[in-house]
Chemist: 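The structure's right below; bear with me while I get my questions together.
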Amino acid sequence: MPLLTMERVSVRFGGLVAVNQLDLEVRQGEILALIGPNGAGKSTVFNLITGIYRPTEGTIRFREEMINDKQPHDIAMRGISRTFQTIHLFNELSVFENVLIGAHTQGKSGLFGALGGFLPAKRREERSLASLARECLELVQLDSKTEELAKNLSYGEQRRLEIARALAVKPSLLLLDEPAAGMNPQEKKELMELIRQIQASGISILMVEHDMKFVMGLSDRIVVLDYGAKIAEGLPEEVRFNPAVIEAYLGKGVSGQC
Amino acid sequence: MIGEYLENLVNLVDAYYLQIFVNIGIAIILALGLNLVTGVTGQLSLGHAAFMSIGAFTGGILTIKLGMPFSVNLISSGLMAAFFGVLIGFPILRLSGDYLAIATLGFAEILKVILLNLDITNRALGLSVPLPNTPIPLPIYVWLTVLLVIAAMILIQNSRFGRALRAIREDEIAAETMGINTTLYKIQAFAIGAFTAGLGGCLYAHFIAYINPSDFGFSKSVDILNMVVLGGLGSIPGSVLGASLLTAAPEFLRFMERYRMLVYGALLVFLMIFRPNGLLGGVSVRQLVCKALGIKPRPRQSLSTDSNMEGRRVK
Amino acid sequence: MFWQQLINGIALGSTYALIALGYTMVYGIIQLINFAHGEIYMVGAFAALVFVMIFKMNIFLAMVLAMAVCLLMGVVIEFIAYRPLRRSSRLSALISAIGVSTFLSTLVLLIFGADAKGFPDHVFPVVQIHIGSAEISSLQLLIIGISALLMLSLEFIVHHTKIGKAMRATSQDYTTAALMGVNVNLVISFTFALGSALAAAGGVLVGIYFNAVSFNMGLMAGLKAFAAAVLGGIGSIPGAMLGGVLLGVVEVLGVAAGYSSYRDAIAFAILVGVLMFKPTGLLGQKIQKKV
């Protein structure tokens with residue numbers, strides 16, 4: 001049983017068809033890469049899955065349940081979390097608090113819980129959220145920077161903080177939007193290691209990435225989008241030599257490896 | 001017995017200073033409520049005075065018509081204002097930023113016009129509110145409320161709920177994708193802000209003894225906003241300081257009385273350009289206290305990020 | 001009766017439209033609600049009053065000079081209170097704008113006092129012209145005529161001049177326009193200048209129409225004009241004109257129908273209604289939120 005299924009999903013903005021009749025499946029425990037030229041609709045797919053956009057047609061199911069018309073926060077509560085292509089951290093808050101907010105789904109107390117914040121049960125909840133946050137920060141090796149403001153981190157650190165925050169949601173499906181963008185080779189290597197570790201902990205991953213070496217080295221399967229439609233799907237080695245893919249990336253009349 | 005003792009205590013204080021002291025208390029309550037909405041949650045409200053007027057008229061009318069115990073009266077005023085907060089907040093909190101600000105202002109003006117046309121509020125003539133029947137003197141009531149509101153705000157800011165509000169201020173889309181129901185949280189913040197404004201309004205009505213819908217117009221809302229911005233958006237000590245300074249200043253600086261609004265206007269521009277964090281923004285009061293006492297501040301536990309003590313930059 | 005109210009409404013609405021244009025242009029370019037815009041309109045009315053009463057000028061000359069005064073003021077306000085905040089959050093800029101608004105209205109209160117002032121009676125000869133059962137005064141004709149003239153000039157500037165093209169480019173995409181060599185600072189100053197001059201004209205016309213100029217006329221008129229801009233679709237110039245006239249007509253008809261004590265609430269009810277149900281307004285474009 002696949003974790004997430006998209007069936008014939010389309011989305012239109014005015015006259016523009018951003019995603020066209022897309023079928024997509026994320027299987028339990030895999031790393032699936034979504035690739036394609038700029039403007040192919042990859043980030044739109046993420047926004048559809050996380051409820052920021054509504055599909056014009058088609059269905060999106062997560063663990064058999066239809067999530068088409070769910071709000072983004074409902075979808076997060078069900079176990080899908082994400083990072084953003086353009087970093088969306090809580091800039092003026094500390095690194096630690098960023099991740100604590102990610103752990104929101106793991107707590108219960110609301111307004112009245114807040115007013116009873118001195119009660120033992122509430123303090124216990126806070127402690128458990130804090131220890132979850134600390135674990136996530138250790139995993140991405142930011143545990144030495146907990147008190148810094150998110151905006152003061154380096155670019156690579158900010159990307160890792162986004163991952164830590166998304167992990168604190170305790171997702172079963174993690175969406176990574178260009179996780180390696182702007183990183184140097186060393187950082188990329190560490191990031192690959194991190195993503196493998198996340199996979200090993202039982203979380204399925206769907207990622208958008210432009211760095212082919214990164215994608216080929218990490219993914220179990222690859223889906224290729226162009227103009228919002230799927231043009232290829234398969235194992236990394238199958239996709240690599242697929243003529244349609246090469247054409248989409250390099251244009252007609254060019255052959256060779258990508 | 002205790003009431004009598006307190007009564008005597010209050011009577012010891014010079015009436016003029018007592019009045020300033022009480023006005024400061026009421027201002028703190030109002031500022032803290034707006035701080036939660038605008039400073040912590042990042043939703044600019046230009047209609048805070050409208051919720052104050054609901055509290056003032058509810059409290060005043062209850063005292064006049066029903067003569068209920070003052071505590072019941074006070075809480076009813078807060079609840080009534082909170083009810084209106086939810087009623088108004090529900091449709092408009094989906095709007096973002098400046099649209100929201102204008103919509104709150106629009107609702108505040110509509111409310112003012114309605115209150116000016118109702119018989120129960122005595123139309124444009126305003127309402128004289130008799131002294132309430134309280135076991136303890138009103139000034140003590142005011143300051144007890146101040147302490148309770150401060151305590152509640154500290155608890156809120158240090159909780160999962162408060163963190164969610166800050167997340168909304170920082171980045172609403174990211175907050176949603178972290179599982180935060182931003183609409184619901186914004187409405188709750190709005191309701192608490194309205195509730196405290198209602199408390200402040202009720203206390204104000206009984207202390208000043210006369211209320212008129214025109215007293216709760218746009219300039220009153222700007223007054224309160226000024227207190228919050230001066231102190232530092234998001235900072236509880238900041239709001240307390242801002243409310244105290246701006247309430248006391250016109251009393252002590254005579255020239256300020258005439259030029260008050262002129263100075264306030266210029267102050268807002270000046271603050272935004274040169275000190276957007278306000279007076280106490282980015283200042284940790286705990287660290288300052290430790291320094292003054294000569295203690296080395298404890299390295300912060302990660303759990304209590306102490307964020308209630310720090311103003312954050314305007315988002 | 002209806003036609004009479006319609007004429008009154010269009011005259012009033014034309015002045016709303018003049019103010020609304022300033023809001024909509026500024027918002028179109030830097031996404032700021034220029035809260036001080038209503039005060040510029042108020043200052044415009046006072047400036048003309050001073051020119052007429054003290055310098056004994058002709059009302060038309062006074063109006064042109066008042067427009068010049070406000071044009072300068074608009075540019076100065078942008079330079080002092082908004083430009084340093086262009087990289088800050090929108091909340092900071094909005095709070096700064098509220099500060100400017102409070103400052104200006106208090107300043108005028110301190111100089112001219114709280115009482116409403118009027119233009120002298122002879123400032124513009126009022127003649128009633130009968131059209132069927134309704135009548136239109138020469139003053140209403142003047143208001144509608146000047147408003148129409150100013151709006152047509154604005155349309156010309158925006159669509160047929162180089163700076164107009166730069167304005168349109170900047171409102172489409174601020175950064176790209178700057179990269180393409182558009183002097184964005186100049187465009188913004190120019191936008192404030194245009195908007196403020198139009199608001200001043202509106203202030204003078206309203207001052208003559210109601211024969212009342214007071215320090216607190218800016219807030220309400222500004223808010224109503226903003227409501228008009230939102231109704232028409234903020235950022236859209238024809239929208240601001242349409243919204244202004246519509247709002248004026250609805251308000252006048254509302255008052256005629258017996259809701260005069262709720263006069264000011266009508267505009268806000270429309271504002272809140274539009275914001276809630278069709279935030280893009282009548283002629284505005286839908287903006288897809290970007291992630």
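A note on names: the letters A, B, ... follow the listed sequences, proteins ahead of strands, and every chain is numbered from 1. Because the structure is a prediction, the values reported are computed rather than measured.
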Chemist: Heavy atoms only: give me the nearest Glu126(A)-Asn158(B) pair and the separation to one decimal.
Modeler: OE1-O, 3.9 Å
Chemist: Among the options Thr50(A), Ile101(A), Leu129(A), pick out the one with the most heavy-atom pairs lying under 4.5 Å from chain B.
Modeler: Ile101(A)
Chemist: Near Glu64(A) CD, under 6.0 Å, is it more than 12 heavy atoms from other residues, nucleotides or ligands?
Modeler: no
Chemist: What verdict does the ring pair (Phe, Tyr, Trp, His ring centres under 6.0 Å) test give for His73(A) and Tyr185(B), after you've listed the backbone C-alpha separation in whole Å, the side-chain angles of each residue and the deciding distance to 0.1 Å?
Modeler: CA-CA 12 Å; His73(A) 60 88; Tyr185(B) 276 83; 9.0 Å; no
Chemist: Contact part of Ile75(A) toward chain B, heavy-atom cut-off under 4.5 Å: side chain, backbone, both or neither?
Modeler: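 Neither part.
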Chemist: Between CG of Leu100(A) and CZ of Arg166(B), what distance do you get to the nearest 0.5 Å?
Modeler: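 Spacing of CG (Leu100(A)) from CZ (Arg166(B)) equals 9.5 Å.
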Chemist: Given a strict heavy-atom distance threshold of 4.5 Å, which part of Glu125(A) is in contact with chain B: side chain, backbone, both, or neither?
Modeler: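 For Glu125(A), side-chain heavy atoms alone lie under 4.5 Å from chain B.
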Chemist: Which atoms of Ile192(B) come close to chain A, meaning under 4.5 Å heavy atom to heavy atom: side chain ones, backbone ones, both, or neither?
Modeler: side chain
Chemist: Show the nearest heavy-atom pair for residues Glu170(B) and Asn91(A), with the distance to one decimal.
Modeler: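 Closest pair (atom of Glu170(B), atom of Asn91(A), distance): OE1-N, 3.3 Å.
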Chemist: Is it the case that more than 12 heavy atoms not belonging to Gln141(A) sit under 6.0 Å from its CD atom?
Modeler: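 Incorrect, the count does not exceed 12.
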Chemist: Please determine whether the number of non-hydrogen atoms from other residues, nucleotides or ligands lying under 6.0 Å from atom CE of Met80(B) exceeds 12.
Modeler: no
Chemist: Minimum heavy-atom separation for His88(A) and Ala174(B), please, with both atom names.
Modeler: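 Of all heavy-atom pairs spanning His88(A) and Ala174(B), the closest is O-CB, 3.4 Å.
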Chemist: Only pairs of heavy atoms separated by less than 4.5 Å count here; which of Leu165(B), Thr183(B), Ile156(B), Asn181(B) has the most with chain A?
Modeler: Asn181(B)
Chemist: Taking every heavy-atom pair that is under 4.5 Å apart, which of Arg78(A), His104(A), Lys108(A) has the most such pairs with chain B?
Modeler: His104(A)
Chemist: Between Lys122(A) and Leu155(B), is there a side-chain heavy-atom distance shorter than 4.5 Å?
Modeler: no
Chemist: Can you measure from CD1 (Ile187(B)) to CG (Leu111(A)) and round to the nearest 0.5 angstrom?
Modeler: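 That separation rounds to 13.0 Å.
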Chemist: Tell me, do Gln71(A) and Thr182(B) make a side-chain contact under 4.5 Å, heavy atoms counted?
Modeler: no
Chemist: Can you find a heavy atom in the side chain of Thr177(B) that is under 4.5 Å from one in the side chain of Val169(A)?
Modeler: no
Chemist: In this structure, are over 12 heavy atoms from other groups packed under 6.0 Å from Tyr99(B) atom OH?
Modeler: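 Enclosed: over 12 neighbouring heavy atoms sit under 6.0 Å from OH of Tyr99(B).
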Chemist: Which region of Arg165(A), side chain (C-beta onward) or backbone (N, CA, C, O), has a non-hydrogen atom less than 4.5 Å from a non-hydrogen atom of chain B, or is it both or neither?
Modeler: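 It is both, since atoms from each part get that close.
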Chemist: To the nearest 0.5 Å, what is the distance between CG on Asp171(B) and CG on Asn98(A)?
Modeler: 10.0 Å
Chemist: Give a yes or no on whether Tyr155(A) atom OH has more than 12 heavy-atom contacts from other residues, nucleotides or ligands under 6.0 Å away.
Modeler: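 Above 12, so yes.
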Chemist: If I compare all heavy atoms of Ala76(A) with all of Met178(B), which pair ends up nearest, and what's the gap?
Modeler: CB-C, 4.0 Å
Chemist: Shortest non-hydrogen contact from Gly107(A) to Arg160(B)?
Modeler: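 Result for this residue pair: O-NH2, 3.1 Å.
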